[in-house]
Amino acid sequence: TYCAANLFLKNLFNSLIKSDLDLFGISAPKVYEGLIATGDKFFASATDLTELLSRLPQALCVEMEGGAVAQVCHEYQVPCAVIRTISDSGNEASPMLFPKFVSSISSQYSLGILKELLPRLF
């Protein structure tokens with residue numbers, strides 16, 4: 001998945017509309033691999049984020065859905081990978097255009113990464 005995500009990013013500017021990328025300040029996206037925290041809380045303040053990072057300093061992001069899917073996969077011994085497109089910084093500056101982000105950015109990232117990944121799996 002890491003390689004597929006990097007391959008997608010190499011062609012990002014051919015896959016997405018520049019004005020959409022500009023709207024969200026996406027100019028040099030990167031792929032990260034590491035600890036993803038999970039929970040049932042949306043982080044929207046610097047205070048909450050600081051407190052979390054004091055407990056889990058290696059956490060790269062927080063997400064709400066992938067952890068549950070990964071737990072079920074683990075219980076049934078099914079391989080699983082979680083790929084996340086980060087929409088905000090988990091603080092007061094989080095974008096209010098979430099539906100636009102999903103439709104124009106994250107959905108295109110997901111599709112592009114899967115197009116790179118699936119041929120390598122079969």
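Predicted model only: the values in this text are computed from it and were never measured. The first residue in the sequence is number 1, and the count goes up from there. Values below: every heavy atom of this structure, side chains too, minus hydrogens, waters and symmetry copies.
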- Query: Do C61 and Y32 come close enough that some side-chain heavy atom pair is under 4.5 Å?
  - Reply: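 A side-chain contact is absent here, since even the closest heavy-atom pair is not under 4.5 Å.
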If you compare all heavy atoms of [X] against all heavy atoms of [Y], which two are closest, and at what distance to 0.1 Å?
X: Y109; Y: L16; result: CE1-CD2, 4.1 Å
X: S106; Y: V102; result: OG-CA, 3.2 Å
X: V82; Y: G66; result: CG2-O, 3.9 Å

Could you pull out all residues at least two apart from [X] that satisfy side-chain contact (heavy atoms from CB on, under 4.5 Å)?
X: E51; value: R55
X: T1; value: A81, I83, L117
X: S104; value: D20, F24, K100
X: C3; value: none

- Would L52 end up clustered with I36 when hydrophobic side chains under 4.5 Å apart are linked, directly or stepwise?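 L52 does not cluster with I36.
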- Message: Which residues pass the salt bridge (Lys or Arg N to Asp or Glu O under 4.0 Å) test with E33, not counting sequence neighbours?
- Response: none
- Message: The criterion is salt bridge (Lys or Arg N to Asp or Glu O under 4.0 Å); which residues satisfy it with D22, sequence neighbours excluded?
- Response: K18
If you look only at distance, which donor and acceptor atoms sit under 3.5 Å apart when one is on a side chain in residues 4-15 and the other is two or more places apart or in another chain?
unit_1: N6; atom_1: ND2; unit_2: Y2; atom_2: O; d: 3.4
unit_1: S15; atom_1: OG; unit_2: N11; atom_2: O; d: 3.2

- Task: Enter the distance from L35:CG to L56:CG here, rounded to the nearest 0.5 Å.
- Result: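 Rounded to the nearest 0.5 Å, the CG-CG separation comes out at 6.0 Å.
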- Q58: side-chain hydrogen bond (donor to acceptor under 3.5 Å, both in side chains) partners, not counting sequence neighbours: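 Counting only residues at least two positions away or on another chain, Q58 forms no side-chain hydrogen bond (donor to acceptor under 3.5 Å, both in side chains).
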- Who pairs with E75 by side-chain hydrogen bond (donor to acceptor under 3.5 Å, both in side chains), at least two apart in sequence or on another chain? Q71
- In the hydrophobic cluster built from side-chain contacts under 4.5 Å, what are the other members alongside V78?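 Answer for V78: V72, Y76.
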- Taking only residues at least two apart or on different chains, which pairs with a member in residues 110-122 satisfy side-chain hydrogen bond (donor to acceptor under 3.5 Å, both in side chains)? none
- Evaluate whether atom CD1 of I17 has more than 12 neighbouring non-hydrogen atoms of other residues, nucleotides or ligands under 6.0 angstrom away. no
- Message: Taking salt bridge (Lys or Arg N to Asp or Glu O under 4.0 Å) as the cut-off, I'd like each qualifying pair that reaches into residues 62-74, sequence neighbours left out, listed once.
- Response: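 Every pair satisfying salt bridge (Lys or Arg N to Asp or Glu O under 4.0 Å) with a residue in residues 62-74: E63-R84, E65-R84.
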